Amino acid sequence: MSDILEGLNDRQFEAASHVNGPLLIIAGAGSGKTNVVTRRIAYLIKEKGVDPYNIMAITFTNKAAGEMRERVDRYVGMGSEGVWVATFHSSCVRILRRHIDQIGYDNHFTIYDTDDSKSVMKAVMKKLQIDPKQIKEATILREISNAKNELLGPDDYEEQHRMDFGKRQIVRAYLEYQDTLRKSNALDFDDLIRMTVYLFKACPEVLENYRDRFEYICVDEYQDTNTAQFELVKLLAGTRKNICVVGDDDQSIYKFRGANIMNILNFENVFKGAKVVKLEQNYRSTQNILNAANAVIAHNRGRKTKRLWTERESDIPVYFNHYDSSREEADSVALDIARLHAKGHAEYNDCAILYRTNAQSREFEESFVRENIPYYIVGGINFYARKEIKDILAYLKTVDNASDDLAVRRIINVPKRSIGATTVQKVSEYAEMRMISFFEACKRAKEIEGLGKTAAKLVTFAQMIEGYREDVKTLGISAMAIKLLDETGYVDEIKDADEDDAQERIENIEELMNRITAYEEQEPEGTLSGFLEEVALVSDVDNADQRIPRVYMMTVHSAKGLEFGRVYLCGMEEGVFPSNMSINSGHPEDIEEERRLAYVAITRAKDVLKISAARSRRSWGETQYNAVSRFIKEIPEEYLSGDLKRIARESFEYEERPAGRKSFNEEVPFGRGDDDGFFGNFVKARKEKKEAPKEIPVLTKGAELVAGSPDYVVGDRVEHVKYGCGTVTEMEKGPKDYKVTVMFDEAGQKIMYAAFAKLKKL
DNA sequence: TAGTTGGGTTTTTTT
DNA sequence: AACCCAACTA
């Protein structure tokens, strides 16, 4: 027997050693599925002589893809890079970049994110005079997204709803929306999948090409696939049907995004004769945690019955605390972590705060700032969704693809160039009439009537952009971007505006510059399109480096696929988790999805799980009083410590020990006194702390950039506002600025521009 | 054209 | 409470 599969348990071995024909792996949380999948790939290559080039592994997140890549490289060694490991979306982009011209698009297409789609829809509704009060743009976009996930293009959708007058407006909006995208040479997220399927169906020779290549296909998180993705996989699998899917029906939590749980439940019917393997041994959590998880998920119907078990016994119970307010909940969690950390019982990056909605992060953030605990919020406002980042990206997009009207219009007057709405309107009309892009119309502004002096400004703008298009070719992306930031005066404008978040916004721009240089470093052949593509497809979770010592806060959705030593599952209340929407929808299956979500949350914890709820919670202006979540009541009391009737103070009477022994702790740091005076005092005492006055970094203005060379050299120790201390390992003089590489003690290696980094010599 | 103000809306989750 | 947009004013 081969040593590639050594150390696997029986079930894992059975799955990993399967070679031909369809295979369904039902992999419970923490059952080592990535291990099984990657070992199987290694086994196919090394033992069965399969060429790495003939294997494809598809995931949902870049993070999962990255992990898989790493392990495949490790097990396979030489030649492993031939294996196609990518997310659904990036796989499709790769394919479309090569062949999309065959279905009438330009290969230089832009990818629109959710925000972009929203802007387009707004404009569409205005044009079609659809009243946003009658149908919300979000409703239309959701409907369009659903249609696309079901592979219905605008024409198919129109056909299907020909007689449906209630949907008349949506049909019109969809047609116009798609038309706008096409003119801008843009695809939205859903289009990436849909167009690839369309391409395969329209051009059999292209499909044939990929079918020949991908002899073995493996799909991760299969329970999250939607109809379009399923179709894509089916097309690629062809008649060979060497398809291996891995998933867990109990962790299907993306129905709202079109995921079709039937894809996994029906797999055996669609792929007759499929081998099915269940992985039920969990290598992550303690038995107590699994007991709670099993108890909750057992309340769902329509699942493939499965029961997780482990060899990890532990004395640490699952905690439940019922606080008086969400404020108290946040403070207590922060205090708990602060105390454990002070005693050396917990590392910050071992801890995660999980909640149902992003809005809940706020209170935790406040408490953590007060306690001086480093934290990181995953998701929420995506880094790339911030205004200043979107602005600069719009510049880059304009440089990359001038037909992207959305991007051009976003920046035409940012920073202020005295080009107002009236002018934009006139240019749009002109462009529309001549069937040219907005940018093209700007170039010809002199021909447009009634613009007066603004015409010259438009021409200058267009020339400036075209200048940068040349600059990318000669200088590269980052140097062009630096030049752009400098010449447009974008950063200056932020500084001059003197808003109190100026510092933060400049730091964000700095971070964007870091990411550009990082991209250039990683992909020496990289292009501007390539960078923008990565930006569009990389999410926040992908970037969250769990090795950095800080507490991680995120929604349960974002936490899927991750694990933490200590998990604080917060806001377990009726109306929050399960959400009001799911309770009131009238569809019992919506509650089941919430329950799966709760199951995902619980199974993130390795050693300690602390669940909490609050009696009162402020949410949009009003105080709400919620009952304890039904999911908590589904956990038998013997699995919980601190029952529903007891109160906050008891959470701190136990201090868990690494060995797992329970012991009483006399000091009650946070007990409720005889009455409720303590809470107000507590908050007041902490509020005193003052923040250091904000300092705005000195940067840009070409002169300063070139003149001031840094006061440090290679080998020096330096300090960075965000990354802490590190050693300079490399310095390279660029056209405008020094490019500095620093190895930070905690944050790892970063490449940055001296003017932005503001490094302090130590 | 740009800045201000008031009113209405918002929260489920995301590649 | 916070954000976004439209309408109004300078």
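Numbers restart at 1 for each chain; the letters A, B, ... are given by sequence-line order, proteins then strands. Because the structure is a prediction, the values reported are computed rather than measured.
Side-chain atoms of A:Ser585 and A:Asp590 form a donor-acceptor pair, as typed in the model, at a separation below 3.5 Å. Side-chain contact of A:Ser529 with A:Asp400: a donor-acceptor pair under 3.5 Å is present, judged by distance alone.
Regarding A:Leu192, its CG atom lies at a distance of 14 Å from the C1' atom of B:dT14, rounded to whole Å. Atom P of nucleotide B:dT1 and atom NZ of A:Lys426 are separated by 8 Å, given to the nearest angstrom. At whole-Å resolution of the value, CD in A:Gln229 and C1' in B:dT15 are 8 Å apart. Atom-to-atom, CD of A:Glu137 to C1' of B:dT10 comes out at 12 Å; the value is rounded to the nearest Å. Atom CE in A:Met572 sits roughly 18 Å away from atom P in B:dT12 (whole-Å rounding). With rounding to whole Å, A:Tyr384 atom OH is found 13 Å from B:dT15 atom P. If you measure from atom CG of A:Asn62 to atom P of B:dT15, you get 9 Å, rounded to the nearest angstrom. Going from atom CE of A:Met554 over to atom P of B:dT13 covers 15 Å, rounded to whole Å.
Remark: the A:Arg257 side chain and the B:dT13 base include no donor-acceptor N/O pair separated by less than 3.5 Å.
A close approach under 4.0 Å does occur between a side-chain nitrogen or oxygen of A:Lys136 and OP1 or OP2 of B:dT10. Of the side-chain N and O atoms in A:Asn149, none sit less than 4.0 angstrom from OP1 or OP2 of B:dT15. The phosphate of B:dT1 (OP1 or OP2) has a side-chain N or O of A:Thr422 nearer than 4.0 angstrom. One finds no side-chain N or O of A:Thr555 lying less than 4.0 angstrom from the OP1 or OP2 phosphate oxygen of B:dT12. Distances shown here put every side-chain N or O of A:Asn226 at or beyond 4.0 Å from the OP1 or OP2 atom of B:dT15.
Taking the centre and axis of the six-membered ring of A:Phe109, the NZ or CZ atom of A:Arg97 falls inside the cone set by 45° and 6.0 Å. Taking the centre and axis of the six-membered ring of A:Phe461, the NZ or CZ atom of A:Arg417 falls outside the cone set by 45° and 6.0 Å.
Taking for each of A:Asp590 and A:Ser418 the nucleotide of DNA chain B with the nearest heavy atom, the 5'-most of the two is the partner of A:Ser418. Between A:His557 and A:Thr454, the one whose closest nucleotide on DNA chain B sits nearer the 5' end is A:Thr454.
Candidate nucleotides B:dT1, B:dT12, B:dA2 were compared by shortest atom distance to the side chain of A:Thr423, and B:dT1 ranks first. The side chain of A:Phe189 approaches B:dT15 more closely than any other nucleotide in the set B:dT14, B:dT13, B:dT15. The side chain of A:Asn358 lies closest to B:dT13, out of B:dT13, B:dT12, B:dT15.
Nucleic acid contact class of A:Ser619 (heavy atoms, under 4.0 Å, all strands): none. Among the protein residues, A:Phe256 comes within range of the nucleic acid bases, having at least one heavy atom under 4.0 Å from a base atom. In this structure, A:Tyr254 reaches the sugar-phosphate backbone alone: every heavy-atom distance under 4.0 Å involves primed, P, OP1 or OP2 atoms, never a base. Within the 4.0 angstrom heavy-atom criterion, no nucleotide atom of any strand lies near A:Arg417. No engagement by A:Lys255 is indicated, since no non-hydrogen atom pair under 4.0 Å with the nucleic acid exists.
Nucleotides B:dT12 and C:dC5 are separated by 24 Å at their C1' atoms, to the nearest Å. Remark: the separation of the C1' atoms in C:dC4 and B:dT13 is 22 Å, to the nearest Å.
Nearest approach of A:Phe631 to A:Ala598, heavy atoms of both residues: CD1-CB, 3.8 Å. Shown here for A:Arg596 and A:Ser252, the closest heavy-atom pair between the two residues is NE-O, 2.7 Å.
The aromatic rings of A:Phe256 and A:Tyr254 sit tilted relative to each other, their planes meeting at an angle between 30° and 60°.
Aromatic pair A:Tyr198/A:Phe200: centroids not less than 6.0 angstrom apart.
Taking 4.0 Å as the cutoff to heavy atoms of chain A, we find the contact window on DNA chain C bounded by C:dA1 to C:dC5.
Separating the NE2 atom in A:His557 from the CG atom in A:Leu597 is a distance of 4.5 Å, to the nearest 0.5 Å.
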